[in-house]
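Residue numbering restarts at 1 for every chain, and letters A, B, ... go by the order of the sequence lines. On a predicted model such as this, the values are computed, not experimentally measured, just so you know.
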Amino acid sequence: MAGDPTGSLIASIPKLNAHNHQDWKFALEGEWEPTDELSGVLSRCRMLYGAGMGVNALTVLTDVVKESVGVTWKEDSRMEEMLALVDTDLCQAIQSAKEEMDRVGGKGADVEAARKAREKLRDALMASREDARRLVEAVITTSSPQELLIIEHDLNTDGPNVQASTKTADAVDDVKPKKRGVKKEEKDDDAKKAAAKKKKEEEEEEATYKWWEQQNADRDGSMKWMTLQHNGVYFPPPYEPLPKHVKMKYNGEPVDLPPESEEVAGFYAALLESPHAQDAVFNKNFFDDFLKVLKKSPPRNGIKITRFELCDFRPMYEYFEAEKEKKKSMTAAEKKAAKAAKDELEAPYAFCYLDGRKEKVGNFRIEPPGLFRGRGDHPKKGALKLRVRPEDVTINIGKDAPVPKPNVPGNWKEVVHDNTVTWLANWVENVNGNYKYVFLAAGSSLKGQSDMQKFEKARELKKHVDTIRADYNRDLKNKQMMERQRATAMYFIDKLALRAGNEKGEDEADTVGCCSLRCEHVTLLPPNKLVFDFLGKDSIRYYNEVQVEDQVYKNIRIFKDNKEDDDELFDRVNTGALNRHLQSYMKGLTAKVFRTFNASLTFQDLLDRGTPEKGTVQEKLNAYNHANRMVAILCNHQRAVPKSHEQSMSKMREKLRGLKYERMKLRHALFAIDPKYKKKKKYAEPESDLDDDAIATHEETMKAKDIEKAEKKFQKDNEKLEAEGKKPQAESVLKEKIKEIEAEYKRLKKERGTEKHALKKERPTEKIEEAIEKLDDKIKTFKLQMEDREAGKEVALSTSKINYLDPRITVAWCKANDVPVEKLFSKTLLTKFPWAMEVDPDWKF
DNA sequence: TTGGTGACTTAGCAACCGACTC
DNA sequence: GAGTCGGTTGCTAAGTCACCAA
């Protein structure tokens, strides 16, 4: 993009949020209003500075310039250096002016001092503006490294306050060095270089900050941070009414809804073709809430809506679908531009500064309003989830950090400074009264530390698990019913990886875990089998027929005795008591730790035993996926069979048949050349599953494909001829071609089963042998892939990988087996587990 | 001991995205 | 360049568990 006119580049910088601008104006008491075209650039600096983001004008300018000129120059490290040299003075000037202003502002009485401080700050900003202008202009009018060097030199000798140049390509000429005393020049250079170096070091430190190598002896576990700065949360844009012609109907009549009720109708309309709209509870809850909204915001054309079955949301649904299509058909450039604009708006919320380090925020977007999509038989599904306003949101931020302003009108519910928690914002949602939180991203130091601690705790359990198991096995016969129930529950938690199973309320889906199992969920199957059948978390069915110790079987029979189906199986045990008991063995031990412990330990064990030492990468990956799948099955991590699964399997089967067919033809070619190959075992055996029927099916498929190809080619050729003003080929040409194809397949059919059924082209036997070898490898790998896919169609591998498998197991295994870790960890997982990347190949869980 | 509250992790699904094929 | 497909990411519901007051 270098060389673009300044205007268009500046125009591409998205506008600021109004409140940030006002912030700044407030700071300057209206004495200075940016008017030139670079105000956008400077606003970014002001916004971040105003929001107390620990401003570094260099970073801001660098970002802005990068955004302005696109990617071309990003790779030019000289440019980075140049920017670093330019901006250090400016940065310091702004910082000191701001500090002074804060100081005198705090006293309140010294009007004159405050005025001077404001002036200082304004001057610093004006300098910033000139620098920004020069930088942007220089960069956009520059395309070669040589020119950049000239500018670098110019900027070094001029200092930050030089006059702005013109905004055309002449700019480079305009920034020629001005004479200055050598000593001062050297001094400036040294200071700038030192500051730039420091800055670079800071950036590098930020990029490679390894919290897992730091000692946090100065902090007890309860303090999560010392300083915290952020820009709050991002509220979704307000509702935009639909075009006038798009209206729901009631009893066949269009309904003129005001925006408040139209928005709610739209929530439902969008789900019209989803299973939700077929759900009676969902529909009832939605309609009850819709009626409440209609009472406040009734149709403007007087229609009275009272019956759900007379509502027709289809016009709205069709409009939404059309809009989706429109969005889909946008060009790549349009999509990119839209995304860039969205990113720009959201950028201030995506990061925070925790103890001075830049960290990514996870879910900084406030959940938009909609209909509650509870899972399973949730009694409240379909209820209206209200729009969250700033008045609903509490912000948690450092004491000294400036309080951000919401991006929509309104004020925060509360601003707190609680450094014993990790959330940046929270609110209570209206449907279930649950708290919702904004936390740091999964790759942040806080989440990473907590993750690592979780796995370390699970590893610590190794030291205690023998004692615990011995105790609960003993207590299976305990005369105290409570202890016997507890021991049995622990047996299930340990052996079957069941969840703890807290009590649930009436207004939630009826799901259970270990402690909340009811008699109906466990059936006795003599002599010693138990059948578990219940809905667990997320209403996912847990079904397991499992052979248990005789004593466990006996206990369940006793616990069920004289009870109704819907009575609690463990009526003397709850999660609280169970966890308190576990704490007596090990600090921090709870039922949940057993799941992590058993998942990781099983995984490690399966990898150790199942990885083929001399296998191919694919074979090793299969062993890994197998181990991963076993853990996912243990933890009951299910997923819906992908819609395209059967289709994709059938394609794979077809491809495999093709590979085998190719092999058969190669074999036959060998036989045709030299019949003694027939006696070699390697070539004598026919391909498995490739009987006459399979060959016939395959040849039919190939024939159909060849004919289709010929038809397409014929059509394309004719179009080309017509475009050139030539006469198109006659239909007979196509017919002749198809005839040829059919003849070829007829020949193949006739020769089927004989060595004539071979390749047409003659090749030396060594080449054919080589080709068979390659095909064998290909078939083997492909079969493994197919098996893997089929076995995993109902199992979600990602949940265990993200939550239960110590990442160090994976990393060490990859190192020991020469498998690139990228094959197993996506970008997100690599970011989530940086602390695991340095383990030795022989590390074990 | 119990029940409620608050903070955090775990979970499946849908939308998105990028590689691949034609 | 368009269409397909499968993996990845974002979203938010649904768990676990500590803590506190009664």
Check your understanding: What nucleic acid atoms does A:Gly513 come within less than 4.0 Å of, heavy atoms only: base, sugar-phosphate, or nothing?
Key -> nothing
Check your understanding: Checking all strands, does A:Ala640 fall into the base, sugar-phosphate, or nothing category for heavy-atom contacts under 4.0 angstrom?
Key -> sugar-phosphate
Just the rounded figure in Å: distance from [atom2] of [N] to [atom1] of [X].
{"X": "A:Asn502", "N": "B:dG3", "atom1": "CG", "atom2": "P", "answer": "13 Å"}
{"X": "A:Asn396", "N": "B:dA7", "atom1": "CG", "atom2": "P", "answer": "9 Å"}
{"X": "A:Leu271", "N": "B:dA15", "atom1": "CG", "atom2": "C1'", "answer": "14 Å"}
{"X": "A:Asn432", "N": "B:dG4", "atom1": "CG", "atom2": "P", "answer": "15 Å"}
{"X": "A:Asn574", "N": "C:dT16", "atom1": "CG", "atom2": "C1'", "answer": "13 Å"}

Study note, to complete from the structure: The residue, A:Pro275 or A:Ser800, whose nearest nucleotide of DNA chain B is more 5′ is A:Ser800
Check your understanding: Toward the 5' end of DNA chain B, which comes first, A:Lys592 or A:Val428, by nearest nucleotide?
Key -> A:Val428
Practice item. For the side chain of A:Lys504, starting at C-beta, report the closest nucleotide among B:dC8, C:dC17, C:dG15. Key: C:dG15
Practice item. Check each of A:Tyr268, A:Phe282, A:Phe267 against A:His276 using the ring-ring contact (aromatic ring centres under 6.0 Å, His included) test, and report the only one that passes. Key: A:Phe282
Practice item. Determine, for nucleotides 6-13 of chain C in 5'-to-3' order, which nucleotides have protein heavy atoms under 4.0 Å from the base (write B), from only the sugar-phosphate (write S), or from neither (write -). Key: S-SSSSSB
What pairs of nitrogen or oxygen atoms, one from the protein and one from nucleotides 18-22 of chain B, lie under 3.5 Å apart?
none

